[in-house]
Amino acid sequence: TILYSYFRSSCSWRVRIALALKGISYDVVPVNLLKDGGQQFSAEFKAMNPMQQVPTLKIDGITLSQSLAIIHYLEDTRPNPRLLPQDPKKRAQVRMIADLIVSGIQPLQNMSVLKQMGEKKTEWAQNCISSGFQALEQTLQHTAGRYCVGDEVSMADLCLVPQVFNAERFKVDMGPYPTITRINKALLELEAFKLSHPSRQPDTPAELRA
């Protein structure tokens with residue numbers, strides 16, 4: 001199993017958490033999104049992932065991209081521990097929260113978008129994350145237990161932690177989001193979240209290492 005990943009990519013981090021939780025051993029091939037004009041744009045990588053993004057996972061003889069598609073595949077083939085609740089209502093809530101982050105926040109503040117914002121990039125990222133977090137905070141007040149949905153770690157949590165990391169990088173004021181902050185803190189105490197953290201990857205620059 002090979003994961004093409006970038007230490008600070010939030011989409012790659014989601015998959016790293018899933019692999020860690022499910023105890024799947026894998027090799028990392030780092031793809032530096034900044035170096036050489038972006039290694040994801042190489043012809044070799046484009047042949048593997050036409051969207052030229054990380055993560056890409058080679059597993060069971062297939063190549064998968066898109067973090068949630070990868071996580072769903074891991075869930076279908078390696079169901080323990082489960083990342084989607086059995087109860088259909090809770091399962092829908094997990095998917096709803098994951099989509100809120102994966103479709104409604106992350107792409108708007110992705111590196112490719114920020115590049116085009118020039119000097120306004122920090123302000124743009126802060127605005128996108130803050131408006132998304134206002135919705136997320138409100139949603140979590142109805143669904144959360146210890147974690148995003150009840151007391152079991154789910155796919156929603158795999159999306160939340162990397163997004164909070166991005167928010168902190170862009171210096172978003174987390175004061176208005178006590179539920180997000182509380183859940184994030186609880187999740188970061190779990191071993192799988194620590195192991196997969198951007199500060200502990202093979203391609204983490206020395207000055208950012210934990």
Side-chain angles (χ1 to χ4, degrees), residues 1 3 5 9-24 26 53-57 59-60 64-110 128-168 172 174 176-198:
T1 303
L3 178 68
S5 168
S9 149
S10 54
C11 304
S12 299
W13 190 2
R14 296 169 195 153
V15 172
R16 294 195 304 256
I17 301 167
L19 291 165
L21 284 167
K22 290 179 180 289
I24 303 165
Y26 62 96
Q53 294 171 335
V54 289
T56 300
L57 185 71
I59 189 168
D60 301 342
L64 292 171
S65 60
Q66 300 300 331
S67 61
L68 292 198
I70 293 171
I71 293 165
H72 277 297
Y73 177 76
L74 297 176
E75 186 72 358
D76 290 341
T77 56
R78 296 151 175 87
N80 289 327
R82 64 166 180 254
L83 297 175
L84 283 166
Q86 279 170 318
D87 173 62
K89 289 175 182 170
K90 283 190 169 176
R91 186 176 277 238
Q93 288 175 328
V94 165
R95 288 186 168 134
M96 168 179 77
I97 292 162
D99 278 346
L100 192 161
I101 296 167
V102 168
S103 309
I105 306 176
Q106 196 275 333
L108 298 170
Q109 49 89 85
N110 204 356
C128 295
I129 296 169
S130 299
S131 65
F133 273 10
Q134 282 160 20
L136 181 60
E137 177 69 21
Q138 203 176 326
T139 303
L140 289 172
Q141 283 166 6
H142 299 285
T143 64
R146 181 161 173 76
Y147 305 121
C148 285
V149 177
D151 297 325
E152 281 185 36
V153 174
S154 71
M155 193 164 72
D157 299 297
L158 276 57
C159 298
L160 178 106
V161 166
Q163 189 56 59
V164 174
F165 180 80
N166 281 354
E168 288 169 347
V172 171
M174 292 298 291
Y177 318 117
T179 316
I180 296 175
T181 303
R182 172 182 68 74
I183 295 168
N184 182 64
K185 188 167 179 269
L187 289 163
L188 284 174
E189 287 166 12
L190 303 175
E191 196 56 30
F193 287 78
K194 287 181 188 169
L195 285 173
S196 56
H197 194 278

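For CD of E191, the number of neighbouring non-hydrogen atoms (other residues, nucleotides, ligands) closer than 6.0 Å is greater than 12.
The distance from the SG atom of C128 to the CG atom of L108 is 4.5 Å, given to the nearest 0.5 Å. A distance of 3.5 Å separates OH of Y73 from CG of D60, quoted to the nearest 0.5 Å. In this structure, S103 OG and L68 CG are separated by 7.5 Å, a value rounded to the nearest 0.5 Å. To the nearest 0.5 Å, atom CD1 of residue I70 and atom CD1 of residue I59 are 9.0 Å apart. From T181, atom OG1 reaches atom CE of M174 across 4.0 Å, with rounding to the nearest 0.5 Å. Atom CG in L187 sits 9.5 Å away from atom CZ in R182 (nearest 0.5 Å).
Residue L100 comes nearest to G132 through the heavy atom pair CD2-O, 3.8 Å, listed as atom of the first residue, atom of the second, then distance. In terms of heavy atoms, A98 sits closest to M155 at CB-CE, 4.3 Å.
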Walk me through it: do L160 and I97 pass the test side-chain contact (heavy atoms from CB on, under 4.5 Å)? CA-CA 9 Å; L160 178 106; I97 292 162; 5.8 Å; no
Does the side-chain contact (heavy atoms from CB on, under 4.5 Å) test come out yes or no for L57 and L74, once each step is laid out? CA-CA 11 Å; L57 185 71; L74 297 176; 4.3 Å; yes
Please step through side-chain contact (heavy atoms from CB on, under 4.5 Å) for the pair H142 and Q93, ending with a clear verdict. CA-CA 10 Å; H142 299 285; Q93 288 175 328; 5.9 Å; no
Would you sort out whether V94 and R91 count as a side-chain contact (heavy atoms from CB on, under 4.5 Å), showing the intermediate values? CA-CA 5 Å; V94 165; R91 186 176 277 238; 5.7 Å; no
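Two residues are said to be in side-chain contact when any heavy atoms from C-beta on lie closer than 4.5 Å; L158 and V153 meet this criterion. At least one side-chain heavy atom of F133 sits under 4.5 Å from a side-chain heavy atom of V164. Annotation: side chain of I17 is not in contact with side chain of D157 (no heavy-atom distance under 4.5 Å). Counting heavy atoms from C-beta outward, Q66 and Q53 have side chains that approach closer than 4.5 Å. Taking the side chain as every heavy atom from C-beta outward, S5 and V54 never approach each other to under 4.5 Å. Counting heavy atoms from C-beta on, the side chains of V15 and S12 never come closer than 4.5 Å. Residues N110 and Q106 form a side-chain contact, since some pair of their non-hydrogen atoms from C-beta on lies under 4.5 Å apart. Side-chain contact between Y177 and S130: present, with at least one pair of heavy atoms (C-beta onward) separated by less than 4.5 Å.
No donor-acceptor pair under 3.5 Å is formed between the side chain of K194 and the backbone N or O of L188. Not a single donor-acceptor pair under 3.5 Å links the side chain of Q109 to the backbone N or O of I129.
In terms of the salt bridge (Lys or Arg N to Asp or Glu O under 4.0 Å) criterion, R95 has no residue partners (sequence neighbours excluded).
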Quiz: residues 143-151 side-chain donor-acceptor pairs under 3.5 angstrom, not counting sequence neighbours:
| residue | atom | partner | partner atom | Å |
| --- | --- | --- | --- | --- |
| T143 | OG1 | C148 | O | 2.7 |
| D151 | OD1 | R146 | N | 2.7 |

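A side chain to side chain donor-acceptor pair (under 3.5 Å) check over residues 131-141, counting only residues at least two apart or in different chains, returns the pairs E137-Q141, E137-T179.
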